[in-house]
There are 2 protein chains.
Amino acid sequence: MRRRRAKIFAALGDETRLALVAKLCRGSDLSISELTETAADARISRQAVTKHLRVLENAGLVRCSRTGRERRFSYRPEAAEEMREYLEFVTAKWDEALERLKTFVES
Amino acid sequence: MRRRRAKIFAALGDETRLALVAKLCRGSDLSISELTETAADARISRQAVTKHLRVLENAGLVRCSRTGRERRFSYRPEAAEEMREYLEFVTAKWDEALERLKTFVES
DNA sequence: TTCATACGCAACCTCTAGGTTGCATACTAT
DNA sequence: ATAGTATGCAACCTAGAGGTTGCGTATGAA
């Protein structure tokens, strides 16, 4: 469980991959070469983009499907949603702690 | 902005650091040696924990303060909250895209 | 004062993330 | 059939992450 979370966060922990996610979450299916041109502000090679996409796919943030000679990548919302819930959980724990401290001080 | 997000996600993208965050978000101020004993399930050296804490601090996920010969670390909720909001934003973009697709198909 | 504790700093090691290039292959289009 | 496009695979490189150990220093306790 913790390993899975670490994997997903790590996948999001890179500017290039964040840019790719930002592109893909807009809804379009994009090929590797399309993603290479636009998503990465930095001039980055196609192979580098391919590797980043593999990382995102392994983390479950993206799915891929072949159509002819192309591989089109699309966003996959579950993983990010899980992480959002986890961060919510962490914040909730923190708020509980604050609350406990507050009532302790007041008593 | 994107750089900052990548930094925070990257800080969360490690099992050991996730364990530290999980400990600290419970509300207690903990010293490095306390965190070394408990938080890391794996036997890890104090120095390693120190480095992880530095990463968390640089990402703004944790704050530290000296008391005597100790440095006590405590959780800091802003960064995680920002990331939660960002993931919410990403999910919202995705949902918009789905909605557009749906109304397009229906028309 | 003396001893133990909690740390900082620095050197060092190993592995892998992120990047590149070159070449081969599989489709598409003409 | 041929040329161009989209990709896979493999070798390679470099910097940095994650880890360790050794040693010095400051603080708390006896």
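Convention: sequence-line order gives letters A, B, ...; per-chain numbering from 1.
- For A:Arg5, the side chain to side chain donor-acceptor pair (under 3.5 Å) criterion is met by no residue, not counting sequence neighbours.
- Within the nucleic acid shown, B:Arg72 has no heavy atom closer than 4.0 Å to any nucleic acid atom.
- Minimum interatomic distance between B:Lys23 and B:Ser28 (heavy atoms only, all atoms of both residues): O-OG, 4.3 Å.
- In this structure, the side chain to side chain contact (heavy atoms under 4.5 Å, CB included) partners of A:Ala79, at least two apart in sequence or on a different chain, are A:Ile8, A:Leu61.
- The nearest whole Å value for the distance from the CZ atom in B:Arg54 to the P atom in D:dG18 is 14 Å.
- Screening residues 85-94 of chain A for salt bridge (charged side-chain N to carboxylate O under 4.0 Å, His left out) gives A:Arg84-A:Glu88, A:Lys93-A:Glu96 as the qualifying pairs, with residues at least two apart or on separate chains.
- With a 4.5 Å cut-off on side-chain heavy atoms, A:Leu24 and A:Asp29 do not count as touching.
- Residues satisfying the side chain to side chain contact (heavy atoms under 4.5 Å, CB included) test with B:Ala97, not counting sequence neighbours, are B:Arg100.
- If you take CD of B:Gln47 and P of D:dG22, they are 13 Å apart, rounded to a whole angstrom.
- Computed from coordinates, the A:Phe9 CZ to D:dA17 C1' distance equals 19 Å when rounded to whole Å.
- Look at CG on B:Leu56: it is 14 Å from C1' on D:dG18, rounded to the nearest Å.
- For B:Arg3, the salt bridge (charged side-chain N to carboxylate O under 4.0 Å, His left out) partners at least two apart in sequence or on another chain are A:Glu15.
- Within the structure, salt bridge (charged side-chain N to carboxylate O under 4.0 Å, His left out) pairs that include any residue of residues 45-67 of chain B comprise B:Glu57-B:Arg71 (at least two apart or interchain).
- Taking atom CG on A:Asp14 and atom P on D:dA15, their separation rounds to 18 Å, with Å as the unit.
- Two residues, A:Ile32 and B:Ala10, neighbour DNA chain D, and the one matched to the more 5' nucleotide by heavy-atom proximity is A:Ile32.
- Rounded to whole Å, atom P of D:dA17 lies 11 Å from atom NE2 of B:His52.
- Looking at residues two or more places apart in sequence or on another chain, you find a side chain to side chain donor-acceptor pair (under 3.5 Å) between B:Glu82 and B:Arg4.
- With sequence neighbours left out, the side chain to side chain donor-acceptor pair (under 3.5 Å) criterion links B:Arg72 to B:Glu34, B:Glu70.
- Within the structure, ring pair (Phe, Tyr, Trp, His ring centres under 6.0 Å) pairs that include any residue of residues 86-107 of chain B comprise A:Tyr75-B:Trp94 (at least two apart or interchain).
- Applying the 4.0 Å criterion to OP1 and OP2 of D:dT7, one finds that A:Ser33 has a side-chain N or O inside that range.
- With rounding to whole Å, A:Arg46 atom CZ is found 11 Å from D:dC9 atom P.
- A rotation axis mapping the C1' atoms of four pairs onto the next four is fitted at both ends of the helix from C:dT1-D:dA30 to C:dT30-D:dA1 over five pairs, and the angle between these axes is 30° to 10 degrees.
- Taking the 5' to 3' direction, DNA chain C first and last meets chain A under 4.0 angstrom from a heavy atom at C:dG18 to C:dT28.
- Residues from residues 62-71 of chain A with heavy atoms under 4.0 angstrom of DNA chain C, sorted by number: A:Gly68, A:Arg69.
- Here D:dT7 presents its P atom at 17 Å from NZ of A:Lys51, a figure rounded to the nearest Å.
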